[in-house]
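What follows is a single structure, written as structure tokens, with notes after it.
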2 protein chains.
Amino acid sequence: MIDKSKARRSTRQRRLIVDAVKHSLNHPSASDIYATLADSGIGIATIYRQLSALVEDGEIGSVKYQGEVRYDPIIQPHAHIVCSKCDKIWDVELPKEIKNLAPTNGSFEKLDVDLTWKGVCSDCR
Amino acid sequence: MIDKSKARRSTRQRRLIVDAVKHSLNHPSASDIYATLADSGIGIATIYRQLSALVEDGEIGSVKYQGEVRYDPIIQPHAHIVCSKCDKIWDVELPKEIKNLAPTNGSFEKLDVDLTWKGVCSDCR
DNA sequence: GTTACTATCGATAATGAATATCATTATCTT
DNA sequence: AAGATAATGATATTCATTATCGATAGTAAC
């Protein structure tokens with residue numbers, strides 16, 4: 001766990017990692033980013049640490065899929081559509097109506113939505 | 001991977017595991033089931049194997065949450081609501097309107113929905 | 001009931017993602 | 001420039017899950 005109260009330093013590694021995620025297209029995992037930055041000599045632990053820190057700082061987003069965390073350059077709320085064959089993930093719009101569908105009977109407060117569509121993409125057929 | 005074309009045998013282990021899931025309340029994980037059936041002497045590998053087989057056979061459902069698979073006695077399509085404090089998971093109704101909100105622009109077919117609400121339950125406040 | 005076939009079991013090694021540890025390095029403040 | 005300490009990198013560790021393999025036990029045929 002990273003303590004947000006302490007100043008975050010701007011390191012070469014952090015800059016490279018944000019950049020890699022910001023320019024990514026298909027929701028890379030930590031090891032994808034590690035592979036992308038292989039030349040940089042950044043250690044795997046730093047990749048994981050900084051990706052968590054960046055999510056915590058609200059600079060990038062994340063989605064869990066198939067037991068691993070995938071990162072997302074977009075932080076605005078949105079839904080996902082995943083291909084069950086190739087495991088690629090795309091961003092899709094989160095319908096405005098969705099918040100009207102939130103369950104009201106229970107005693108939860110401040111509900112967030114996690115909406116994912118699953119199917120087979122055109123490339124995989 | 002388990003081949004469904006071959007006959008599935010009714011073993012003591014399988015019967016105990018289905019039973020444990022069917023009578024469960026809060027979406028147990030594999031190790032929860034293992035703990036529940038500790039007296040039975042069933043090995044952890046068998047727990048995992050049978051839980052996967054049961055999901056594959058459509059006898060029970062499953063949800064991924066917090067990096068682990070949780071099992072569900074209910075197989076009908078439904079949504080979930082999870083508490084981000086205690087990690088308990090409840091079943092909630094899947095709104096009928098949801099299928100009208102599926103993205104149509106892409107070239108996916110046969111879309112499944114995965115809808116989860118996240119918040120803090122009353123017990124945790 | 002006995003036999004033969006083989007799915008299933010249990011113990012345990014192996015895998016893969018993620019986190020913890022710790023000595024070293026690099027940033028930031030003064 | 002110097003001191004304080006956040007961040008790094010190598011690596012050990014944890015945790016959930018899967019693979020391996022010899023032993024066991026359902027099941028169908030006799």
Side-chain angles (χ1 to χ4, degrees), chain A residues 1-21 26-57 59-72 82 87 89, chain B residues 1-21 26-57 59-72 82 87 89:
Chain A
M1 180 58 82
I2 292 154
D3 186 354
K4 207 176 175 180
S5 66
K6 291 176 183 167
R8 190 133 286 164
R9 293 178 178 176
S10 171
T11 64
R12 180 182 70 92
Q13 292 83 345
R14 184 178 170 96
R15 288 188 297 271
L16 285 170
I17 293 167
V18 194
D19 215 58
V21 176
N26 253 303
H27 301 71
S29 64
S31 62
D32 290 337
I33 297 291
Y34 183 59
T36 301
L37 299 177
D39 297 344
S40 70
I42 302 179
I44 187 70
T46 300
I47 300 283
Y48 276 103
R49 259 184 313 234
Q50 282 295 354
L51 285 171
S52 306
L54 289 165
V55 170
E56 194 175 330
D57 295 348
E59 298 209 36
I60 62 176
S62 69
V63 219
K64 281 217 180 73
Y65 181 60
Q66 292 292 338
E68 69 176 2
V69 179
R70 310 268 296 256
Y71 296 90
D72 197 328
V82 305
D87 288 345
I89 302 176
Chain B
M1 180 57 84
I2 292 154
D3 186 353
K4 209 180 173 180
S5 67
K6 292 176 184 167
R8 192 134 286 165
R9 292 178 178 176
S10 172
T11 63
R12 180 182 70 93
Q13 292 83 343
R14 184 178 169 96
R15 288 188 297 272
L16 285 170
I17 294 167
V18 194
D19 214 59
V21 176
N26 252 304
H27 301 73
S29 64
S31 61
D32 290 337
I33 297 292
Y34 183 58
T36 302
L37 299 177
D39 296 345
S40 69
I42 301 180
I44 187 69
T46 300
I47 300 283
Y48 277 103
R49 257 184 315 234
Q50 282 295 353
L51 286 171
S52 306
L54 289 165
V55 170
E56 195 175 331
D57 295 350
E59 297 209 37
I60 62 176
S62 70
V63 221
K64 278 217 180 73
Y65 181 60
Q66 293 292 339
E68 69 177 3
V69 179
R70 310 268 296 255
Y71 296 90
D72 197 329
V82 305
D87 288 344
I89 303 176

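Lettering follows sequence order; numbering is per chain, from 1.
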Value in whole Å for how far the P atom of D:dA16 lies from CD1 of B:I47: 14 Å
Gap between atoms CG and P, on B:L16 and C:dT8 respectively (whole Å): 16 Å
Nearest listed nucleotide, side chain of B:I44, among D:dT18, D:dG9, C:dT12: C:dT12
Nearest-0.5 Å distance that lies between atom CG in A:D72 and atom CG in A:N26: 10.0 Å
Polar contact flag, side-chain donor to acceptor under 3.5 angstrom, A:T11-A:R14: no
Backbone of B:P28 reached by a side-chain donor or acceptor of B:R70 within 3.5 Å: no
Any B:Q66 side-chain N or O less than 4.0 Å from OP1/OP2 of D:dA16: no
Length of the CD-P vector between A:E68 and D:dT17, whole Å: 14 Å
Whole-Å distance separating the CD1 atom of A:I17 from the C1' atom of D:dG9: 12 Å
Nucleotides 23-30 of chain D: protein proximity per nucleotide (B base, S sugar-phosphate only, - neither; heavy atom, under 4.0 Å): --BBS---
A:E56 CD to C:dT19 P, straight-line distance once rounded to whole Å: 12 Å
Partner of B:I33 by side-chain contact (heavy atoms from CB on, under 4.5 Å), out of B:I42, B:I47, B:I44: B:I47
Rounded interatomic separation in angstrom, taking CG from B:D57 and P from C:dT8: 9 Å
Minimum-distance nucleotide (side-chain atoms of B:R49 versus D:dG9, C:dC9, C:dT12): C:dC9
Between NE2 on residue B:H27 and OG on residue B:S62, distance to nearest 0.5 Å: 10.0 Å
Side-chain (B:D32) to main-chain (B:S29) donor-acceptor, under 3.5 angstrom: yes
Protein-nucleotide distance (B:Q50, atom CD; C:dG10, atom C1'), rounded to Å: 13 Å
Integer-rounded Å distance: D:dG9 P and A:L51 CG: 13 Å
First encountered from the 5' end of DNA chain D, between A:R14 and B:A30: A:R14
Nucleotide nearest B:I42 (side chain, heavy atoms from C-beta), chosen from D:dT17, C:dG10, D:dA10: C:dG10
Out of D:dT17, D:dT8, D:dT20, whichever nucleotide has its closest atom nearest the side chain of B:Y48: D:dT17
Spacing of OG1 belonging to B:T46 relative to CD1 belonging to B:I17, to within rounding of 0.5 Å: 6.5 Å
